[in-house]
Undergrad: 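Submitted below is the structure of interest, expressed as structure tokens.
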Amino acid sequence: MKKSLLTLIMALVMALACATSAFAEDLGYVNVERVFRSYPDIQTTMSVINLERQKAENEFNEKAPKLDDKGRRELGEKLSAQVDKKEASLLNPIREKIRKTIGQVAKAHGIANVVDASAVVFGGKDLTEEIIAAVAQGK
């Protein structure tokens, strides 16, 4: 009885080890922040966003002294929404291109699952450099 139980436990351990290694081969990871920072012309895009924020801050500082608390709050919300809209219009296409490139590179390697590098403790294939190169080439 003990021998068959020990055999069963060993078989389960081996099956689990095989399943884990099969999953590890099917897992890729990417340092998304690094890819984003390496994106061509990201500095120009961030400068445009920072300029928009500065313009909004200047407008707020110019108009706020003439307003009551409610008016300042409404002006702040309006200007913040404008900056958020401009930021989204500039960054969302970049995020989408990076996401699409991640999918293409992963598919080329036969990888079905990709996570951010910060979530990986062990295993998987690092796709970061290849994705940076593909994004730079405009793929």
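Both backbone and side-chain heavy atoms feed into the values below; hydrogens, waters and symmetry mates do not. Small disclaimer: the values here were computed from a predicted structure and weren't measured.
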Undergrad: Between L91 and V30, is there a shared hydrophobic cluster once you connect ILVMFWY residues whose side-chain heavy atoms come closer than 4.5 Å?
TA: yes

Undergrad: Can you give me the closest heavy-atom contact between A56 and V83, atom names plus distance?
TA: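 Heavy-atom minimum between the residues: CB-CG2, 3.6 Å.
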
Undergrad: Is there a side-chain contact between H109 and E130 (heavy atoms, below 4.5 Å)?
TA: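 H109 reaches E130 side chain to side chain.
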
Undergrad: Between S38 (side chain) and I132 (backbone), is there a donor-acceptor pair under 3.5 Å?
TA: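 Side chain of S38 to backbone of I132, a donor-acceptor pair under 3.5 Å: no, none is there.
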
Undergrad: Closest heavy-atom contact between T101 and A134?
TA: CG2-CB, 3.6 Å

Undergrad: Within the distance-only criterion (no hydrogens, no angle test), does the side chain of D68 pair as donor or acceptor with the backbone N or O of G71 below 3.5 angstrom?
TA: yes

Undergrad: Which residues end up grouped with L79 if you chain together Ile, Leu, Val, Met, Phe, Trp and Tyr wherever their side-chain heavy atoms are less than 4.5 Å apart?
TA: F60, L67, L75

Undergrad: Do any N or O atoms from the side chain of N113 and from the backbone of G28 form a donor-acceptor pair under 3.5 angstrom?
TA: no

Undergrad: Please round to the nearest 0.5 Å and tell me the distance separating atom NZ of K55 and atom CD of Q82.
TA: 10.0 Å

Undergrad: For the backbone of T128 and the side chain of N31, can you confirm whether one donor and one acceptor N or O come within less than 3.5 Å of each other?
TA: no

Undergrad: Of all residues at least two apart in sequence or in a different chain, which pass the side chain to side chain contact (heavy atoms under 4.5 Å, CB included) check with R73?
TA: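 Listed in chain order: K70, E77.
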
Undergrad: What verdict does the salt bridge (charged side-chain N to carboxylate O under 4.0 Å, His left out) test give for R37 and E33, after you've listed the backbone C-alpha separation in whole Å, the side-chain angles of each residue and the deciding distance to 0.1 Å?
TA: CA-CA 6 Å; R37 285 191 321 247; E33 182 182 337; 2.9 Å; yes

Undergrad: Do the side chains of E96 and R99 get nearer than 4.5 Å, heavy atoms only?
TA: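 Yes. Closest side-chain heavy atoms under 4.5 Å.
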
Undergrad: Less than 3.5 Å apart, which donor and acceptor atoms pair up between the side chains of residues 39-54 and the rest of the protein, not counting sequence neighbours?
TA:
unit_1: T45; atom_1: OG1; unit_2: D41; atom_2: O; d: 3.2
unit_1: S47; atom_1: OG; unit_2: Q43; atom_2: O; d: 2.9
unit_1: N50; atom_1: OD1; unit_2: R53; atom_2: NH1; d: 3.2
unit_1: N50; atom_1: ND2; unit_2: M46; atom_2: O; d: 3.3
unit_1: R53; atom_1: NH2; unit_2: E87; atom_2: OE1; d: 2.9
unit_1: Q54; atom_1: NE2; unit_2: N58; atom_2: OD1; d: 3.0

Undergrad: Below 4.5 Å, heavy atoms only, C-beta onward: do K125 and L127 meet side chain to side chain?
TA: yes

